[in-house]
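Read the structure below first, then the notes.
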Amino acid sequence: MLILVKPFGRFLFVSSDFPAENPRTQTRNVPYTKTLCFITKNGQPMIKFFRKIRQNLLLEGKTGKYFKYAIGEIILVVIGILIALWINNWNNQRITDNQSKFFLKNIKEDLVSDTLAIDNYIKYYKKNIERKKKLLLISEFDNTSSDSLFAMISSSSIKFEPNITTFTKVSNLGISELTKNVSLSKKLYAYYTTDLKIFNSLINWEFESSIDESKYWYNIQNEVEIIDDVFPKFQDSITNRQNFIKLIKEPRGRNTLLGNYYRKELILSQYGKKKNIAVSLINEINDDLNLN
């Protein structure tokens, strides 16, 4: 709320506009936009001016006019208060609308960055899945080098980190609705809360499973000496290759490869769904911003 006085014939304003946080003092010749809650005239309250009129009416014995004037004065005061409240509500709504637009634009930018990142993750998983599929389809290994086989059993994984910069700011400010569009607001909150939690649980499962598989191929199994060009090897290349093929063909090795293949296919589909949701939200935000 603004307090307006008129010292020495000028108006002083104390105002604060989004996104600035600290109030600043401004000097203007005429009032505008801000809520008027108290006015003084020539340094003296205007109420003294009205009081003088009422006193003159009483002294002149004009009681009827006095009461009419008093009622009129009350009505004017009520109207003034209502106008001040309306201006204050309008101004607060204007600030809220500008704030919503500001955050929506930034969330849209965050979602765009998510879709670009997801595209890279999709490429990574497609390549990984294709490599596992190729290995699982091999029945004869004569034409496949040991280096290629080692590359195909590789069990790696990467974690997706969505851009939550703007949503974190919104949450810290305690804003529960980003837009008057209730449906869009709910979708955005779901994207960054419940949906993200479920998605992260799947990604963590994939990450931990890939680590366990790597441990099996490189640490737990006792058939193959891992290829290394730095230190001497005690297993000759022919025995190494034979044991490695045996390891891939036996049930545990093949089941490990199958588990990796189907798990990564599931994760790939989840990335596709995540991207589709992000793109849909971007389009809805654009529509909302254009309407407002």
Side-chain angles (χ1 to χ4, degrees), residues 1-108 166-167 169-189 284-292:
M1 184 169 285
L2 173 72
I3 297 179
L4 174 65
V5 297
K6 187 183 177 186
F8 309 110
R10 291 192 304 171
F11 293 106
L12 288 179
F13 290 82
V14 177
S15 63
S16 177
D17 289 327
F18 175 82
E21 296 180 355
N22 298 320
R24 62 185 185 278
T25 302
Q26 302 176 353
T27 302
R28 303 188 185 276
N29 293 323
V30 293
Y32 77 109
T33 68
K34 299 298 181 181
T35 305
L36 178 63
C37 66
F38 187 74
I39 304 177
T40 62
K41 182 178 180 181
N42 296 324
Q44 299 297 323
M46 292 185 68
I47 192 170
K48 290 184 179 180
F49 173 75
F50 294 118
R51 187 185 300 165
K52 185 176 181 180
I53 294 177
R54 293 199 306 272
Q55 288 175 347
N56 290 337
L57 290 173
L58 283 174
L59 290 173
E60 294 173 5
K62 299 178 180 179
T63 307
K65 288 185 177 182
Y66 170 83
F67 284 113
K68 289 179 181 179
Y69 181 83
I71 293 171
E73 186 178 331
I74 292 171
I75 293 172
L76 286 174
V77 171
V78 171
I79 292 173
I81 292 172
L82 292 175
I83 292 174
L85 289 173
W86 179 83
I87 294 174
N88 186 64
N89 291 336
W90 170 83
N91 190 54
N92 288 338
Q93 187 61 51
R94 179 182 64 86
I95 292 173
T96 300
D97 290 343
N98 288 339
Q99 187 184 55
S100 295
K101 288 181 180 179
F102 174 80
F103 284 128
L104 275 178
K105 288 178 180 178
N106 282 285
I107 281 182
K108 186 184 81 170
T166 304
F167 185 77
K169 291 180 181 178
V170 170
S171 298
N172 291 338
L173 289 172
I175 299 174
S176 58
E177 291 186 357
L178 285 164
T179 170
K180 294 177 182 177
N181 185 335
V182 178
S183 176
L184 174 57
S185 187
K186 287 182 177 179
K187 289 177 183 177
L188 286 170
Y189 273 91
E284 289 192 48
I285 290 174
N286 283 332
D287 292 340
D288 191 78
L289 291 173
N290 291 332
L291 285 174
N292 297 307

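A quick note: this is a predicted structure, and the numbers were derived from the prediction, not measured. What you see below is based on every heavy atom in this structure, not just the backbone, and it leaves out hydrogens, waters and symmetry mates.
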Can the ring centroids of Phe167 and Phe103 be said to lie less than 6.0 angstrom from one another?
no

What distance separates [X] [atom1] from [Y] [atom2], expressed to the nearest 0.5 Å?
{"X": "Asn88", "Y": "Ile83", "atom1": "CG", "atom2": "CD1", "answer": "13.5 Å"}
{"X": "Lys187", "Y": "Ile285", "atom1": "NZ", "atom2": "CD1", "answer": "11.0 Å"}
{"X": "Leu104", "Y": "Asn181", "atom1": "CG", "atom2": "CG", "answer": "9.5 Å"}
{"X": "Thr166", "Y": "Lys108", "atom1": "OG1", "atom2": "NZ", "answer": "12.0 Å"}
{"X": "Leu289", "Y": "Glu284", "atom1": "CG", "atom2": "CD", "answer": "12.0 Å"}

Closest approach of Ser100 to Leu178 (non-hydrogen atoms, all atoms of both residues):
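Distance-wise, the nearest heavy atoms are CB-O, 3.2 Å.
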
Could you walk me through whether Lys169 and Asn106 pass the side chain to side chain contact (heavy atoms under 4.5 Å, CB included) check?
CA-CA 11 Å; Lys169 291 180 181 178; Asn106 282 285; over 6 Å; no

With a 4.5 Å heavy-atom cut-off, do Asn91 and Trp86 have their side chains touching?
no

Show your reasoning for whether side chain to side chain contact (heavy atoms under 4.5 Å, CB included) applies to Leu184 and Tyr189.
CA-CA 9 Å; Leu184 174 57; Tyr189 273 91; over 6 Å; no

